[in-house]
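Have a look at the structure below before the remarks.
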Amino acid sequence: MSVERGIGKVPERYRHMRMEDLVRETERVRARLGDQVAILGHHYQRDEIIRFADHTGDSLELSRKAASVEAPYIVFCGVYFMAETAAILCSPEQRVIQPVIEALCPMAEMASRKQVSAAWDALSTVWDEPIIPITYQNSNADVKAFVGERGGAVCTSSNARRILDWAFSRGGRVLFTPDEHLGTNTALEMGLSESEVGVWNPLAPASPETFSECRMVVWKGFCSVHTGFTLEDVARARAEHPGARIVVHPECPRPIVLASDASGSTSQIIDVVAKAPAGSTIVVGTECHMVDRLARQYADKEIIPLARRECGSMGLTRLEHLLFALEGLASGKAHNIVAVDPDTAAGARLALERMLQ
Ligand code: SF4
């Protein structure tokens, strides 16, 4: 059986299957596997994947689901940090499979444990108060482990404010990784001034004294999808759809959030759309697969993408990859198991459990 080389490699025969055959074969093997498998699909996945997902959600919802499903195999259609989180939270007997194991979130790759540890050490030389590290869910397990070991917590875009409230209530200062924009948007909305929020560039760190007056330092990482929206996109949407409500994700830079009418996590955006009255127009600034699906689901409203921005990493997983993963399980061979070493998992679990509590 020849296997194609490169990202998302599957045996040759899958590459030549028509979509209707892929769908039929996936339905067949899915039915055969029954409750041996739970398929989790992030909202940014392609429609061909979402139609087979037993559970869809944003990263927080899927983390919770991974911790509660009982199937021996969790097939996680998303990006690597999500599957890692599932592997950390599920029971030791369960196995997590990622159909395209190379699907990484570029933002998560922008912070390593070594870099975060160096930032921590540098800030420790100028901050007398305890440093509470907070990491966005979109980070790799080694960074989550560092955060857990140092008394910090994971946050998502849904709960960043509550987690930061918790951190500040402990009387410390915050090192926030890896998304500059989620950290900055949340901090400013909580009432911190711009001068109280510093930006740590891991590729060219400024001297620690630069941050001595900051209450929070955010990592210079970003999501290429959400930083791709521009003020011109907002102006065009206002001109073309007067009266429309513009809602964007808090991974967007501050000027985009300020120019919009609201910002919220993936699940909060879905909530805004669901609760809007029939006939309303909502312009949504997030990944376009999800916006397209909302537009179909809420056909009594006009749901328009702020601009078509697609996450290439999320888009890597196609139906042939899911079929290959499921057929592997049906024949007793698990491909692309995601595993986290026990020490890293223990530290990361601390940070995740603090969030889930
Ligand atoms: S949408 Fe952005 S944050 Fe989410 S996986 Fe893609 S690059 Fe990462």
Side-chain angles (χ1 to χ4, degrees), residues 7-8 40-47 49-50 53 56-63 66 76-87 96 98-112 134-144 154-160 176-186 202 218-230 233 247-254 256-257 263-270 284-294 305-318 321 338 355:
I7 290 173
L40 274 50
H42 188 274
H43 285 308
Y44 296 168
Q45 289 286 295
R46 294 174 182 274
D47 292 342
I49 299 297
I50 292 296
T56 58
D58 62 14
S59 54
L60 175 62
E61 291 163 336
L62 294 180
S63 296
F76 204 119
C77 301
V79 288
Y80 195 76
F81 75 81
M82 298 177 182
E84 262 189 343
T85 303
V96 176
Q98 180 166 310
V100 178
I101 198 109
E102 303 90 346
L104 305 174
C105 165
M107 182 203 286
E109 300 304 310
M110 291 175 191
S112 68
I134 302 295
T135 193
Y136 189 21
Q137 160 83 325
N138 300 26
S139 54
N140 289 326
D142 60 343
V143 171
K144 290 188 177 85
V154 172
C155 77
T156 70
S157 48
S158 307
N159 64 20
F176 186 97
T177 54
D179 186 16
E180 173 186 347
H181 304 292
L182 175 66
T184 303
N185 282 318
T186 311
V218 296
W219 201 257
K220 196 171 180 57
F222 61 91
C223 163
S224 52
V225 173
H226 292 105
T227 53
F229 295 114
T230 63
D233 293 331
V247 188
V248 299
H249 195 282
E251 288 172 13
C252 293
R254 188 73 185 146
I256 307 298
V257 170
S263 68
S265 67
T266 307
S267 52
Q268 288 161 341
I269 289 173
I270 292 172
V284 180
T286 194
E287 210 275 346
C288 61
H289 286 109
M290 187 183 106
V291 184
D292 291 345
R293 211 170 291 127
L294 284 173
L306 180 56
R308 293 201 65 77
R309 306 282 313 169
E310 178 176 346
C311 176
S313 303
M314 287 282 188
L316 285 173
T317 308
R318 311 209 60 142
H321 302 113
V338 175
M355 170 184 76

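Every heavy atom of this structure was used, including side-chain atoms; hydrogens, water molecules and symmetry mates were not. Every number for a ligand or one of its atoms is a count from 1 in the order of the listing.
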Tell me whether R46 contacts the main-chain N or O of G315 through its side chain, where contact means a donor paired with an acceptor under 3.5 Å.
yes
Within 4.0 Å of some non-hydrogen atom of E251, the atoms of ligand 1 are 3 (S)
| request: Using atom types as modelled and distance alone, determine if a side-chain donor or acceptor of D233 lies under 3.5 Å from a backbone N or O of T230. | output: yes
Q. Does at least one non-hydrogen atom of H42 fall below 4.0 angstrom from an atom of ligand 1?
A. no
Here the pair of heavy atoms bringing S139 nearest to F81 is O-CB, 3.3 Å
For N138, the atoms of ligand 1 under 4.0 Å from one of its heavy atoms are 3 (S)
Say whether, by atom type as modelled, one donor and one acceptor occur between the side chain of N185 and the main chain of P250 under 3.5 angstrom.
yes
Margin query: Whether the side chain of T286 engages the backbone of H249 through a donor-acceptor N/O pair (distance < 3.5 Å, no angle test) should be reported.
Written below: no
- Within the distance-only criterion (no hydrogens, no angle test), does the side chain of Q98 pair as donor or acceptor with the backbone N or O of V100 below 3.5 angstrom? yes
Within the 2.8 Å cut-off the protein N, O or S neighbours of atom 6 (Fe) of ligand 1 are C311 SG
The side-chain contact (heavy atoms from CB on, under 4.5 Å) partners of T56 (sequence neighbours excluded) come to H43, I50, A53
